[in-house]
Amino acid sequence: MFVHRRRGWEIHDSQITPESVFLQRRQLAKVLAAGPILTAALPVLGPTSALAATDPSASLYPVKRNLKYKVDRPLTPERIATTYNNFYEFGSHKRIYQTAQRLKLRPWMITIDGAVERPMKFDIDDLLKRMPLEERVYAHRCVEAWSMVVPWSGFSLKALVDLAKPLGKAKYLVMQSFQDPKVAPGQRQTWYPWPYTEGLTMFEAVNELSFVVTGLYGKPVPKQNGAPLRLAVPWKYGFKHVKSIVRFHFAEKRPISFWEKLQRREYGFWANVNPKVDHPRWSQASERDIATGKRIPTKIWNGYGDYVASMYASLKGEKLFM
Ligand code: MTE
C-alpha cells in the first residue's frame with residue numbers, strides 16, 4: 001500500500017535549504033575571502049557550460065530556431081532553468097544539478113520496441129546524426145504551479161515514430177528513463193516505482209508540438225535537465241516530460257506512469273494544463289514565473305490550444321486535466 005511521503009513539489013520552496021546550496025555558499029565564502037584577484041578570475045560559467053565542453057554532441061549546437069513557436073514572455077535565464085529542477089533520481093528537491101553530474105552520458109543506447117515492424121537499438125550519437133535538429137521556445141508549466149520559458153533543441157517526436165514504424169495495433173508510446181541506483185541515489189529509495197515511466201497516446205505522440213529534447217540554450221541538454229534526451233509536450237504538466245530516456249516502447253495498452261502509480265487521484269495519465277481544474281491540494285489558476293517570482297494567470301492547454309484541443313474533442317468521460 002502506498003505510504004504518503006511529501007515530495008519536493010509538495011514542499012514550499014522557502015522550506016528547502018538543500019545541502020548543495022549550503023555547501024556552495026560555504027565554498028563561495030572561502031573564495032571571496034581569498035581576495036579580489038581570485039574573485040575576478042572566477043569563470044562566469046553556468047553549471048551547463050562545463051558539460052557542453054566535454055559532450056561529444058556539443059558541435060551540433062546551436063541549431064536554427066523554428067520561429068513558428070512563440071511564447072509571449074521573455075526567456076528564463078539559463079542559470080535559473082538549469083539549477084531549479086525536478087529529477088527524483090537525484091533527490092526529491094530542486095537543487096539536484098550537482099548530484100545529477102554523476103550521470104554517465106556515453107555510451108547511451110536507446111531501445112525502440114513493442115508493436116513495431118522491427119525492434120531497434122540506437123547509439124545516441126547515431127540517432128542525433130539522423131534527426132533534423134531545430135530549436136523551439138516553449139512554455140514549461142509544472143503541476144506544482146511554477147513555470148519557465150526555455151529554448152529547447154531537438155527533433156519532433158513524430159520523426160522518431162516514423163523511424164520506428166509502429167504497427168497498427170500500437171495505441172500508446174511509453175517512454176522510460178535510465179535505471180542505475182549506483183549513480184542515482186533516488187533510485188535506492190525502493191518505494192518509488194523506478195524506472196520513471198510516462199506515456200502518450202499515438203495521436204499525442206505525432207502531434208507537431210511533441211518534441212524530443214537533446215539541447216538547451218544552444219548546447220547539449222544538461223544532465224539535470226534530462227540529458228541526453230528528454231521529452232517536451234508543452235500543453236501538459238511537466239511531470240509528463242520524462243528525462244534521460246533509454247526506451248521508447250509502442251504499446252497496445254495504456255501505461256500507468258510513475259506518479260500515477262504513486263498517487264492516482266492526483267497525477268493522471270492525461271495531465272493537460274487547465275487553470276479551472278485544481279490539483280486536489282492546491283489551485284492551478286495561476287503559476288509562479290521562476291525567473292521573476294511573479295504570479296501570472298495559467299492558460300488552458302498552457303496556451304497551446306490551437307495545436308492540441310481538437311485531439312480531445314471526442315474523448316468523453318476522461319479526466320483530461322488531471
Ligand atoms: N523525469 C525523470 N526521469 N525523473 C523526474 O523526477 N520529473 C518531472 C519531469 N521529468 C522527472 C522527470 C517533473 S515533475 C518535471 S516538472 C520536469 O521533469 C522538470 O523538468 P526541468 O527540471 O527540466 O524543469
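When a residue number appears, it is its place in the shown sequence, counting from 1. Indexing begins at 1, ligand by ligand and atom by atom, following the structure's order.
- Close approach of ligand 1 to Cys142 (heavy-atom distance below 4.0 Å) involves ligand atoms 16 (S).
- Considering backbone and side-chain N/O of Asn86, one or more are found under 3.5 Å from N/O of ligand 1.
- Side-chain N or O atoms of Arg136 include none that pairs as donor or acceptor with a backbone N or O of Trp152 at under 3.5 Å.
- We find that Glu287 and Arg295 are not joined by a salt bridge, their nearest charged nitrogen and carboxylate oxygen being 4.0 Å or further apart.
- For ligand 1, the atoms closer than 4.0 angstrom to any heavy atom of Met148 are 24 (O).
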Walk me through it: do Arg106 and Asp55 pass the test salt bridge (charged side-chain N to carboxylate O under 4.0 Å, His left out)?
CA-CA 9 Å; Arg106 297 294 186 283; Asp55 189 303; 3.4 Å; yes
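- Remark: aromatic rings of Trp301 and Tyr312 are close, center separation under 6.0 Å.
- The part of Tyr196 lying near ligand 1 is the side chain, judged by heavy-atom distances below 4.0 Å.
- Under the 4.0 Å criterion applied to side-chain N and carboxylate O atoms, Lys299 and Asp72 are assigned as salt-bridge partners.
- For a threshold of 3.5 Å applied to N or O pairs, the pair formed by Asn85 and ligand 1 contains at least one separation below that value.
- Backbone and side-chain nitrogen or oxygen atoms of Tyr88 are examined, and one is located within less than 3.5 angstrom of a nitrogen or oxygen of ligand 1.
- For Lys240, no heavy-atom contact with ligand 1 is shorter than 4.0 Å.
- Across the listed options Lys243, Arg230, Gln224, His241, Lys243 owns the non-hydrogen atom lying nearest to atom 22 (O) of ligand 1.
- Salt bridge status for Asp126 with Arg130: absent, with no side-chain N to carboxylate O gap under 4.0 Å.
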